[in-house]
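Report on the following structure.
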Amino acid sequence: MDFNLNKQQELMRQLMREFAENEVLPLAKEIDETERFPEETVLKMARNGMMGINIPKEYGGAGLDTLSYIIAVEELAKVCATTSIILAAHTSLALGPLLKFGTEEQKRKYLVPLAKGEKLGAFALTEPNAGTDAAGQQTTAHFDGDRYILNGSKIFITNGGVADVYIVFAMTDKSKGTKGISAFIVEKGAPGFSIGKIEHKMGIRASSTAELVFEDCAIPKENLLGQEGKGFGIAMGTLDGGRISVAAQALGIAEGAFNETVKYMKQRVQFKKPLSQFQGLQWKVADMETEITCARMLVYNAACAKDEGKPFGKDAAMAKLYAAQTAMRVTTECVQMHGGYGYTREYPLERMMRDAKITEIYEGTSQVQQMVISAAVLK
Amino acid sequence: MKIIVCIKQVPDTTEVKLDPKTGRLIRDGVPSIINPDDKNSLEAALQIKDNDPDTRVIVVSMGPPQADIALREALAMGADEAILISGREFGGSDTWATSYIIASAIKKIPDYDLILCGRQAIDGDTAQVGPQIAEQLGIPQVTYAQKIEVNGDTIIVQRQYEDFYQNIEVKMPCLITAIKELNEPRYMTPGGIADAYSVKNVTVWGFADVPVDPEKIGLKGSPTNVYRTFSPEAKGMGRILDGSDRNTVKELLSELDNKHLL
């Protein structure tokens with residue numbers, strides 16, 4: 001058993017840390033306050049080949065492993081959770097299913113430009129009445145000979161409105177329940193496809209979260225992803241992978257807040273000594289460091305399991321459950337340790353605390369992760 | 001074109017301290033990086049390659065086996081080949097012996113057009129190795145380049161001085177040393193990192209691979225004797241004057257006057 005990163009993964013961390021500090025950190029505060037989608041950062045990530053890190057080179061990616069990609073999400077999240085989820089939703093949720101379930105033709109047409117960063121991807125499963133109960137899809141897709149006609153709407157879609165390619169789930173046969181769900185590739189600008197409400201959120205405020213509306217939206221039959229009726233499995237399998245990246249995001253948020261706090265503790269003097277010399281605070285630091293290390297082990301373990309081709313659903317659920325809880329606990333504690341300063345926008349802690357909360361909710365709430373874990377244990 | 005870029009792996013001196021007893025660098029736990037000026041020289045080579053894809057960029061470094069990662073980083077930025085000159089016999093070499101060894105290694109690389117080096121390394125700060133390599137090879141050198149432009153079989157170099165610059169046209173093969181104003185080094189790319197550990201490789205040249213006179217390398221081949229190294233005494237904190245130009249200049253003048261410096 002080897003807990004060390006290899007040299008390639010270490011170089012990946014060095015690259016992403018430099019990129020995050022030079023290109024992402026300077027924008028983090030501004031884009032949070034203005035809810036502005038950081039197009040320029042996405043362009044820079046595209047130019048630097050970061051939009052398809054774990055996609056094989058033959059499909060326009062970098063050809064690295066899942067762990068290298070997870071490290072990228074973690075390093076971005078340390079300074080800006082918004083930027084990390086733009087990359088994570090694109091890579092795990094759009095490129096992931098295209099790579100795994102796409103035909104060669106679909107890969108050439110969609111995966112290659114997405115992995116090169118020429119286009120941005122998104123994943124659309126959630127509906128007003130189908131959140132945790134994802135099987136309750138009400139969007140329909142009716143086959144009419146050479147195309148599918150989609151009707152319905154999706155909500156809370158990350159990268160919605162800014163993405164060029166969407167993986168959309170819809171009922172092709174309502175009578176079959178989850179076996180009647182199919183997955184489709186929908187391009188921006190498809191007739192009958194429009195963007196509805198853009199959400200205003202507590203955290204990850206510069207990430208675009210949108211409603212998608214389909215009104216007799218015609219999709220060529222070649223854009224069915226996988227087989228008809230297999231959409232639910234595609235969605236669940238994709239989310240298993242996505243959870244590792246959200247877990248990495250949560251880990252990064254916790255690490256970012258913790259690093260800021262360690263720095264602050266050495267500088268801030270109260271009662272004539274730095275905060276770092278107060279035992280009560282030292283104990284908090286010890287607990288946080290331990291929790292973050294546990295979270296990191298769980299996240300990397302899930303990524304390695306995926307790389308090794310092992311079943312990783314339970315590992316991913318445990319990583320996300322624990323890392324998200326850690327992010328919430330650590331950021332809340334770090335705001336507390338900064339006192340009044342932590343509550344102001346002058347310091348990044350309050351942003352990190354707001355950003356942390358979503359990791360307990362999206363891509364399966366913490367309660368869904370508990371369902372997945374217990375189902376695997378009690379089967 | 002064939003371009004050789006010489007790089008050095010150095011401790012990140014923003015994080016380095018001297019052992020007060022021995023006067024030596026405390027290297028434990030200090031991250032190693034590619035010397036910043038050397039990164040500018042690599043970027044210059046890669047920009048030439050961007051314009052002329054037939055260009056081949058070969059990175060050369062002398063150092064311990066751990067310098068491998070610095071060369072992999074250079075490969076991940078886009079260099080084509082990497083050579084690590086590494087062997088116990090080379091240890092203890094000063095700038096003179098080092099440039100002799102590197103020049104001897106470069107002589108094994110046929111038909112190069114250009115050698116690019118950083119101006120100086122942030123650990124030793126001598127700025128000697130680049131120019132000495134050129135002397136050893138008997139080729140022209142232009143130092144402190146802030147701009148370079150390939151022009152047929154010559155290169156036009158803009159050299160930086162404190163308050164002016166100088167344009168020099170030099171025939172290739174030649175050696176140029178880069179300063180940070182030359183360019184903004186690019187990032188590695190994830191795909192480049194994958195290549196650096198798969199399709200590309202770092203070739204290690206040991207003592208047996210480099211044709212050198214054993215008397216002219218290592219400690220015994222090094223004419224430099226370090227008499228003593230020490231940390232300069234910490235000076236008091238500086239003061240930053242805030243406010244309008246008019247007021248800060250006034251305050252500065254009165255302060256200098258008080259200290260009898262005017």
Side-chain angles (χ1 to χ4, degrees), chain A residues 4-25 41 43-76 87-88 90-91 95 112 115-118 263 267 307, chain B residues 7 9-12 14-15 17 29-36 38-40 42-43 46-47 49-50 59 61 63-79 82 84 86 180 183-202 204 237:
Chain A
N4 294 312
L5 298 181
N6 64 34
K7 297 282 179 199
Q8 195 170 31
Q9 290 151 351
E10 277 178 19
L11 269 190
M12 192 61 198
R13 185 185 298 287
Q14 182 191 326
L15 162 63
M16 293 313 298
R17 188 169 293 175
E18 284 173 11
F19 184 83
E21 282 173 7
N22 297 336
E23 315 291 340
V24 181
L25 176 62
T41 308
L43 200 64
K44 281 179 194 166
M45 290 198 288
R47 279 200 204 118
N48 287 291
M50 295 166 182
M51 299 304 277
I53 294 168
N54 57 341
I55 302 298
K57 289 218 166 193
E58 56 178 312
Y59 296 120
L64 289 170
D65 54 12
T66 306
L67 185 51
S68 298
Y69 155 61
I70 284 307
I71 290 168
V73 175
E74 177 192 353
E75 288 299 324
L76 292 172
L87 178 70
H90 166 86
T91 308
L95 276 61
V112 171
K116 284 183 176 172
E118 293 162 3
K263 208 162 62 185
Q267 292 163 354
D307 278 330
Chain B
I7 68 168
Q9 188 186 43
V10 293
D12 191 345
T14 53
E15 314 232 359
K17 290 190 178 80
V30 177
S32 292
I33 56 170
I34 295 181
N35 180 52
D38 301 354
K39 256 194 176 174
N40 295 107
L42 175 57
E43 175 61 30
L46 295 174
Q47 283 180 10
K49 186 179 164 76
D50 290 342
V59 218
S61 187
Q66 301 89 287
D68 176 85
I69 194 143
L71 288 165
R72 301 279 176 182
E73 184 181 343
L75 292 173
M77 285 170 70
L84 175 61
S86 190
K180 70 171 189 296
N183 52 44
E184 183 68 40
R186 68 194 60 193
Y187 293 105
M188 296 179 270
T189 61
I193 292 174
D195 288 347
Y197 283 92
S198 54
V199 292
K200 294 176 184 175
N201 207 355
V202 174
V204 180
M237 287 283 283

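Order of the sequence lines sets the chain letters (A, B, ...), proteins ahead of strands, with each chain counted from 1. From a predicted model like this one, the values you see are computed outputs, not experimental measurements.
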### Message
Working to the nearest 0.5 angstrom, can you tell me the gap between I193(B) CD1 and M12(A) CE?
### Response
5.5 Å
### Message
Applying side chain to side chain contact (heavy atoms under 4.5 Å, CB included), can you list everything that pairs with A115(A), at least two apart in sequence or on another chain?
### Response
I55(A), L95(A)
Are there any donor-acceptor pairs closer than 3.5 angstrom between chain B and chain A, and if so, which ones?
{"from": "E73(B)", "atom 1": "OE1", "to": "Q14(A)", "atom 2": "NE2", "distance (Å)": "3.0"}
{"from": "E73(B)", "atom 1": "OE2", "to": "Q14(A)", "atom 2": "NE2", "distance (Å)": "3.2"}
{"from": "Y187(B)", "atom 1": "OH", "to": "N22(A)", "atom 2": "ND2", "distance (Å)": "3.4"}
{"from": "Y187(B)", "atom 1": "OH", "to": "E23(A)", "atom 2": "OE2", "distance (Å)": "2.5"}
{"from": "G191(B)", "atom 1": "O", "to": "K57(A)", "atom 2": "NZ", "distance (Å)": "2.9"}
{"from": "I193(B)", "atom 1": "O", "to": "Q8(A)", "atom 2": "NE2", "distance (Å)": "3.4"}
{"from": "D195(B)", "atom 1": "OD1", "to": "K57(A)", "atom 2": "NZ", "distance (Å)": "2.7"}
{"from": "D195(B)", "atom 1": "OD2", "to": "K57(A)", "atom 2": "NZ", "distance (Å)": "3.2"}

### Task
Sequence neighbours left out, what passes side chain to side chain contact (heavy atoms under 4.5 Å, CB included) with A79(B)? Give chain and number order.
L42(B), V57(B), V59(B), L75(B)
### Query
Yes or no on side chain to side chain contact (heavy atoms under 4.5 Å, CB included) for V10(B) and D38(B), after CA distance, side-chain angles and deciding distance?
CA-CA 10 Å; V10(B) 293; D38(B) 301 354; over 6 Å; no
### Task
Can you see which heavy atom on A194(B) is nearest to which on A62(A), and at what distance?
CB-O, 3.2 Å
### Query
Any side-chain heavy atom of I7(B) sitting closer than 4.5 Å to one from N35(B)?
no
### Message
Looking at every non-hydrogen atom in both residues, tell me the closest pair between P36(B) and N40(B) and how far apart they are.
### Response
O-OD1, 3.1 Å
### Query
Looking at P31(B), G191(B), P190(B), G192(B), which makes the most heavy-atom pairs under 4.5 Å with chain A?
P190(B)
### Task
Look at I53(A), L11(A), L64(A) and state which one has the largest set of heavy-atom pairs under 4.5 Å with chain B.
L11(A)
